[in-house]
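Below: one structure, written as structure tokens.
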There are 2 protein chains.
Amino acid sequence: MTNDYPVPAMADVELVDVLRAVADPIRLRIVTVLGDGEPHSKSAPDWGFDVQKSTLAHHFKALREAGLTRTIVDGRTHAIQLRRAELDARFPGLVAALVEGAPPTD
Amino acid sequence: MTNDYPVPAMADVELVDVLRAVADPIRLRIVTVLGDGEPHSKSAPDWGFDVQKSTLAHHFKALREAGLTRTIVDGRTHAIQLRRAELDARFPGLVAALVEGAPPTD
DNA sequence: ACCATAGTTCGATGAGTATCGAACTATTTC
DNA sequence: GAAATAGTTCGATACTCATCGAACTATGGT
């Protein structure tokens, strides 16, 4: 069936939950890549992390449930996108600070 | 003699470690209060958290070791201060976003 | 129908950590 | 010196969570 990748309403998202979501090396890296606001494939090889795809799925879920991202389903491929505008409205400057403060994408 | 409350050099502080430090309700609250850049007493009753003072000491240590704060010793009382200027230089906009995005101090 | 591909979910495991209470250190006061 | 005060440290406990592998769902291709 279609879209059951629910996201919380941004008004219900607490700052501490957002921070817990990005307080992990892999998830922080994901968020900085998603900082451009565009959808990115969930494809594990594309990301190049040294973890199994089940672990990556766990991180994607954590980001979505914390209110940071949404999932876009297209056939059998999924994309993930930062809820940039909503986040900027609710937590001004936060995403920008994360993107700018993260180590270079090498 | 007591001035063994070492802090890491700001250049060595990683963003993800800062985020892990503030990804806790009590520590996030502390940081937002310290956002004014002034020293604040470590006195447990003053903070009004519902934890023992040993727990509070643990959180103060976590903030200091993550590079967020410094400790100022004065006799038998201690104060804690945000390393505001250094943090702003290393992670522009981050502290401001935390202070602004945190729930009201009410 | 069959198989391959993309991604999720589940159970188990191990590491990290928030919390407490008690003991400890350092400083001030009497 | 003794007692009180401020805060830290330590050991134990409980809980959270990152990770893996295997099983599962869903879609697309042949």
Side-chain angles (χ1 to χ4, degrees), chain A residues 1-7 14-31 33-34 39-81, chain B residues 1-7 14-31 33-34 39-81:
Chain A
M1 226 6 211
T2 45
N3 261 354
D4 32 4
Y5 290 92
V7 300
E14 298 286 343
L15 177 59
V16 70
D17 295 319
V18 172
L19 295 174
R20 204 177 333 111
V22 294
D24 173 274
I26 290 183
R27 289 197 296 262
L28 178 58
R29 182 67 81 91
I30 293 172
V31 167
V33 170
L34 296 183
H40 289 250
S41 169
K42 286 186 178 174
S43 170
D46 289 6
W47 286 93
F49 294 117
D50 196 22
V51 294
Q52 297 304 116
K53 64 175 184 174
S54 58
T55 300
L56 201 50
H58 158 72
H59 287 307
F60 288 143
K61 184 178 184 181
L63 289 171
R64 175 176 49 83
E65 290 182 342
L68 283 163
T69 61
R70 67 175 66 90
T71 293
I72 301 167
V73 177
D74 176 32
R76 65 182 161 182
T77 72
H78 296 191
I80 185 173
Q81 185 178 29
Chain B
M1 261 325 208
T2 27
N3 231 355
D4 273 70
Y5 291 91
V7 299
E14 298 287 343
L15 177 58
V16 70
D17 295 319
V18 173
L19 294 174
R20 204 177 335 112
V22 294
D24 173 274
I26 290 182
R27 290 197 296 264
L28 177 58
R29 182 67 80 91
I30 292 172
V31 167
V33 170
L34 296 183
H40 289 251
S41 170
K42 285 185 180 175
S43 170
D46 288 7
W47 287 93
F49 294 116
D50 195 22
V51 294
Q52 296 304 116
K53 64 177 184 172
S54 59
T55 300
L56 202 49
H58 159 73
H59 287 306
F60 288 143
K61 185 179 183 180
L63 289 171
R64 174 174 51 80
E65 289 183 342
L68 283 163
T69 60
R70 68 175 66 90
T71 293
I72 300 166
V73 177
D74 177 31
R76 68 181 159 183
T77 71
H78 297 190
I80 186 173
Q81 185 179 30

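What you are looking at is a predicted structure, and each value in this text was computed from that prediction instead of being measured. Throughout, protein chains are lettered first and strands after them, A, B, ... in sequence-line order, and every chain is numbered starting at 1.
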Legend entry - For A:E14, all residues meeting side chain to side chain donor-acceptor pair (under 3.5 Å), sequence neighbours excluded: none
Legend entry - Between D:dA18 (P) and A:F49 (CZ): distance, integer Å: 14 Å
Legend entry - Residues which pass side chain to side chain donor-acceptor pair (under 3.5 Å) with A:D17, listed by chain and number, not counting sequence neighbours: A:R20
Inset, instruction - Please identify each residue that fulfils side chain to side chain donor-acceptor pair (under 3.5 Å) with B:Q52, with sequence neighbours left out. - result: none
Inset, instruction - Write down the distance between CD1 (A:I72) and C1' (D:dT27), rounded to a whole number of angstrom. - result: 18 Å
Inset, instruction - Please report, rounded to the nearest Å, how far the P atom of C:dG7 is from the CG atom of A:D4. - result: 16 Å
Legend entry - Point-to-point distance, once rounded to the nearest 0.5 Å, from NE2 of A:H78 to NZ of A:K42: 6.0 Å
Legend entry - Residues which pass side chain to side chain contact (heavy atoms under 4.5 Å, CB included) with B:D50, listed by chain and number, not counting sequence neighbours: none
Inset, instruction - Go through C:dG7, D:dT8, D:dG7 for me and flag the one nearest to the B:S41 side chain. - result: D:dG7
Inset, instruction - Quickly work out the A:L56 CG to D:dC20 P distance and round it to whole Å. - result: 10 Å
Legend entry - For A:V22 against B:V16, the heavy-atom pair lying closest together: O-CG2, 4.3 Å
Inset, instruction - With sequence neighbours left out, write down each residue that passes side chain to side chain donor-acceptor pair (under 3.5 Å) with B:H40, or none if nothing qualifies. - result: B:D36
Pair up each side-chain donor or acceptor in residues 53-66 of chain A with any protein partner under 3.5 Å, not counting sequence neighbours, and list the distances.
{"residue": "A:H59", "atom": "ND1", "partner": "A:R27", "partner atom": "NH1", "Å": "3.0"}
{"residue": "A:R64", "atom": "NH1", "partner": "A:P6", "partner atom": "O", "Å": "3.0"}

Can you pull every protein N or O that's under 3.5 Å from an N or O on nucleotides 16-19 of chain C?
{"residue": "C:dA18", "atom": "OP1", "partner": "B:R27", "partner atom": "NH2", "Å": "3.4"}
{"residue": "C:dA18", "atom": "OP2", "partner": "B:R27", "partner atom": "NH1", "Å": "3.0"}
{"residue": "C:dA18", "atom": "OP2", "partner": "B:H58", "partner atom": "NE2", "Å": "2.9"}
{"residue": "C:dT19", "atom": "OP2", "partner": "B:H59", "partner atom": "NE2", "Å": "2.3"}

Inset, instruction - Output all residues satisfying side chain to side chain contact (heavy atoms under 4.5 Å, CB included) with B:T77, sequence neighbours left out; order by chain, then residue number. - result: B:D74
Inset, instruction - Could you summarise the pairing of DNA chain C as dot-bracket text, marking Watson-Crick and G-U pairs under 3.5 Å with ( ) or [ ] inside the strand and | across strands? - result: ||||||||||||||||||||||||||||||
Inset, instruction - Nearest whole angstrom, please: distance from the P of C:dT27 to the NE2 of B:H78. - result: 8 Å
Inset, instruction - Please state how far atom NZ in A:K61 lies from atom P in D:dT19, giving the value in whole angstrom units. - result: 16 Å
Legend entry - Candidate nucleotides D:dT27, C:dG7, C:dT29, ranked by approach to the side chain of A:R76 - the nearest: D:dT27
Inset, instruction - Can you check whether any acceptor in the base of C:dG7 is under 3.5 Å from a donor in the side chain of A:K42, or vice versa? - result: no
Inset, instruction - Rounded to the nearest angstrom, tell me the gap between atom CG in A:D74 and atom C1' in D:dG28. - result: 12 Å
Inset, instruction - Return the value, rounded to whole Å, for the distance between atom NZ of A:K53 and atom P of D:dA22. - result: 13 Å
